[in-house]
Amino acid sequence: MSGTVFIVDDDRAVRHSLAFLMKSVRLPHECYASAGEFLERYDPERPGCLVLDIRMPGMSGLDLQEELNRRRAILPVIFVTGHGDVPMAVDAMQSGAVDFIQKPFRDQELLDRIQQALDSDGEARRELAETEELRRRHAALTPREKEVMALVVTGKPNKIIAWELDVSQRTVEIHRARVMEKMGARSLAHLVRMDVRLNTSDAT
Amino acid sequence: MAALIGNAARGLAGKLLAVWARVARRPPLDVRENGDAGREGLLRAVFDTVIDALIGIDESGTVKVFSPAAERMFGYRAGEIVGRNVSLLMPEETARHHDAHIARYLKTGEARIIGIGRTVVAERRDGSRFPAEIAVSEVRSTPGVRFAGIVRDLTRRRELESQLDSHTSRLEMALDAARLIAWEFHPRRRRFTIVRSPQSFASVLTAGAEMTLETVRGEIHPADRKIFDRMLSSAASTTDMRGYEYRNRSREDGYRWLRSYIRREPRAPGLAADGDDNGARLTGFTVDIDDEKQREQRAAGLARILDGAASEIYVFDSETLAVLLVNETARSDLRYTEDELSKLAAPDVFADLDREELVARSQPIVDGSDAYVDFEARCRRKDGSRFPVRVHLFGGVYGARSVLVASVLDVSAEEAIEERLRWREELYSLTLERAPLGIVNLDVDGCIASANPAVFRITGYRETDLAGVTGVELFHEEDRESVRRMFRRMITGRAESSDSPHRLRKRDGTYILIDTHSAVVHDSAGRPAMVICIFEDVTERKAREAELEEQRRHLAHVSRLSTLGQMAAGLAHEINQPLTAIATYAQAGVRMLDEEDGESRRQETRAALTQIGEQAHRAGQVIRRMRSIAKGDTPARRKASAAELVQDLLPLIAIDARQADVVVRTNLNAGGAAVYVDRVQIHQVLLNLIRNAIDALHGQPEERREIRIELDAREPERLRFAVADRGEGVTEGAAAHLFDPFYTTKNTGMGMGLAISRSIVAAHGGELRYRPHPKGGSVFEFLLPVARENKAAAAAPAGESL
């Protein structure tokens, strides 16, 4: 696991104590005193999670979350809130925050959530990477192979596909074999799942 | 006359004698029958009636003819004297020589009287003598008569002459007295000739002296020379005498007034123009009228003075009481015209006195028993209105009339003053009697000289209790020294008045708190003579004030709590932060200790523990600050650094500011200046202003979300605290009510913040004000007096006066 915990809090003491906690469990972490500072340095490719104070002067935690959404950054966000900030935290959750935790908190609680966040980020990034691979493979198909694949995943037999494409059944078989090979599909069921994934990622 | 006698002497006597001798022998009837005889008869009649006597004598001096006039003149009958010597008609001394005179004439022909005539003394039959003029002529026509004489009695003439002499001398004296100079002016020669000059002028102007026109004119006052010129030019054309007045240089003192009359001398009829004068001679005389003029001017001046006099002056006829004269003041006071006044009488002027009364009043003057009487009356104006006057009435003479003179003084102003004085006295005594305030007069020794009823009512003392008691003794033992000091300062003139509260012992031994206001009363020499001390029982009022102060304090406290309530979220956050850090450090520290290579983590754990301590302290500070705002029900003023007052507050403000995303900037230029304040209360004011400013910035663009807190000493001895924001500002309508209790423009809040803030600042001797920010927004500011070095020791803490 190579995710980094990004800590953004304007309160120096809170920031440092969080850093100290990360250190104690040997989690890689980076500290930022404001949302602006973080945005300036953050590379979306870097995995990890964000521990974010909701109330901050200048750009608030919610503003930062919105900005990340706009940039399609998938970094999971854990909001750290004061007692009076619960309504804000609800807003944050609706905007896709992974979690929120109320100050002061038990360390295990925070660490668990960080762990979950990091896991989910890893998962998300892995899935994202797979989808990217599928897309890359799919993009490598010839137009005829894409047509054949689109018909194959609907469960139609080769005979029907040949008839619909107005080619010989043999030709369909050859294309089908190449699609399976290029896409790295182990079975028709596998290919269908790939197709579903391609379509859903297009939709987002 | 002399000429007539002369003519008679030359022959008339002889002719007359001849006529008379003839007619004397005839009866009177014959005169009518014959022409000659008629003429002679007439002559005879003349002789009988003329006053001159005709006497004829012969060579021996014997009287032959003695006319009727002679009979009357000498007192002899003709029969008695004819045939006797004429010397009978002469006094003894002349008679002796008469015969000798005739004899010598007849011998020598040397006439001494004949044809000459002379004045002689004659003697009447009764021996009396009289002056007579006698003309003698030699007669040859009448037989028996050698000499004829006409005698005229000069007695009457002598009398007239002597009368004339005395008249003349009296006239001369009058002219002299009038200082009259008679002169002639010859226009051609342009010269004056003095014809006569009074004795007093004789040394200067002798009769016959001549002067040129220029000399005479040069003596005349330059301003009057035109008058003089006009006199000369007009005189040439008229024979009327007119007087011209001008000033002439005087030997002694400047100028004297002269009056000159001049006229052209009428040309004597038939008189030939004799060369030089040519008939155009002007004659004139000049009178010195300086005294008259001065009298006149004095009279005019007197009249002016009378007219200008503040009092009215009336002259009444003492019998009819009619108005004869009034001065200008009287006319204007009564508003009558002079004409209308002349028709009035004294009873019209004095409204409240009828004729009878006035006559009675003036009686002592009229009968001479008193020189004057004084009385008061009321004058009536033309419009019927009246005014009070004081009248001084005395007698006098005006022309031929005896009059009453009234000098009348309008005393309405005096009366008004008296009325006011009376009113004031009444007011004063009423005030003393009825005032709820105790009023005590203390003499210079501090003894109670007098006290009003309120004093007894308030203190319970009786009049006898206070007699001779010094005022100081009535005060609480602890207050006596300050009362004594205050009294001494006033009575020695070092203080004019004094206001202060003190405790006064009542008769029952309890104490009341009184506010005293004292003032010094000075005698006419300006020395302090008395101290008047007014006091009020303020025991209840002070208690009420204390209660009110307590309520105000409570309200301020409630307001602070309310403020804290509104700040609770921020405060919670502020405390949560260190708590979070503490918890995190502590838990992480435990983790560190669980690590196998504890030794290498030792340093880190120590750092965590240090942080925990610091953060706990931080949380404690926040709570302390909150507590200092929340409590504060035991107010106490102390000297405090103004800059620190603001700085203390900054961490607390920072919470709200951070949450509202507002920048707080300070500009504290007060140096080390201190103010004498209740720290908690001033904190409350500042906190209130700053929180208002933060609220005002809600929804403003980021560049405007800034608050400035300023502290400076723009005015000497005063420090200015200001909180400025760049928000919406306050509308004019709202500005008028900003400091009203329960006025608020916010959705939350009591609307008490500014009202309480203002009362706190006022209690500190300042004023909280609002003004619009020049660039948009609001500025709230207040000034507090700079604390002096010894202020803390000298002044009693506010609200602890009881």
Side-chain angles (χ1 to χ4, degrees), chain A residues 5 7-27 29 31 33-36 51-64 78-89 100-115, chain B residues 565-598 600-601 603-619 621-622 654-664 694 702 705-706:
Chain A
V5 180
I7 300 165
V8 181
D9 197 314
D10 65 310
D11 191 304
R12 194 177 144 276
V14 174
R15 199 162 66 235
H16 283 190
S17 65
L18 285 172
F20 191 77
L21 182 61
M22 297 307 120
K23 212 170 180 182
S24 72
V25 293
R26 301 173 194 275
L27 272 175
H29 58 276
C31 290
S34 75
V51 176
L52 183 56
D53 187 10
I54 274 191
R55 281 197 198 215
M56 283 185 298
M59 184 181 271
S60 73
L62 286 174
D63 294 337
L64 176 57
I78 301 166
F79 278 110
V80 182
T81 76
H83 171 77
D85 304 335
V86 178
M88 285 172 91
F100 79 94
I101 186 163
Q102 204 167 321
K103 289 186 203 172
F105 39 78
R106 296 198 171 281
D107 59 343
Q108 196 53 56
E109 214 173 320
L110 178 64
L111 290 175
D112 287 349
R113 286 167 199 230
I114 288 174
Q115 198 53 59
Chain B
Q566 288 159 26
M567 291 172 76
L571 286 167
H573 178 82
E574 195 65 11
I575 295 166
N576 240 357
Q577 294 292 89
L579 289 181
T580 304
I582 289 165
T584 309
Y585 273 126
Q587 292 156 359
V590 172
R591 282 181 192 278
M592 289 283 190
L593 292 175
D594 290 346
E595 288 285 323
E596 279 143 24
D597 52 348
S600 70
R601 294 291 175 110
Q603 293 303 317
E604 311 236 21
T605 312
R606 177 188 300 275
L609 288 173
T610 308
Q611 278 299 314
I612 287 167
E614 272 182 29
Q615 291 306 308
H617 184 67
R618 175 184 166 193
Q621 270 186 329
V622 173
I655 308 163
D656 276 2
R658 188 167 56 239
Q659 288 176 3
D661 200 6
V662 164
V663 177
V664 175
I694 291 173
E702 190 177 348
R705 287 206 300 274
E706 180 185 302

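Note on naming: letters A, B, ... go to the chains in the order of the sequence lines (proteins, then strands), and numbering restarts at 1 for each one. Worth knowing before you read on, the calculation uses all heavy atoms, side chains too, and leaves out hydrogens, waters and symmetry mates. All values derive from a computational prediction rather than experimental measurement.
Of the listed residues (L18(A), L110(A), D107(A)), just one forms a side chain to side chain contact (heavy atoms under 4.5 Å, CB included) with T584(B), and that residue is L18(A).
Closest approach of Y585(B) and H16(A) over heavy atoms only: OH-CB, 3.3 Å. Closest approach of G589(B) to F20(A), counting heavy atoms only: N-CE2, 3.8 Å. Between A583(B) and P104(A), the shortest heavy-atom distance links the atoms CB-CB, 4.2 Å. A588(B) and S24(A) make their closest contact through O-CB, 3.7 Å (heavy atoms, listed as atom of the first residue, atom of the second, distance).
Contacts of L111(A) with chain B are made by side-chain atoms alone, with heavy-atom separations under 4.5 Å and no backbone atom involved.
For the set L21(A), V14(A), D9(A), D11(A), the entry with the most heavy-atom pairs within less than 4.5 Å of chain B is D11(A).
Counted by atom type alone, R12(A) and Q577(B) present zero donor-acceptor pairs between their side chains at under 3.5 Å.
Taking CZ of R15(A) as the reference point, atom OG1 of T580(B) lies at 14.0 Å (rounded to 0.5 Å).
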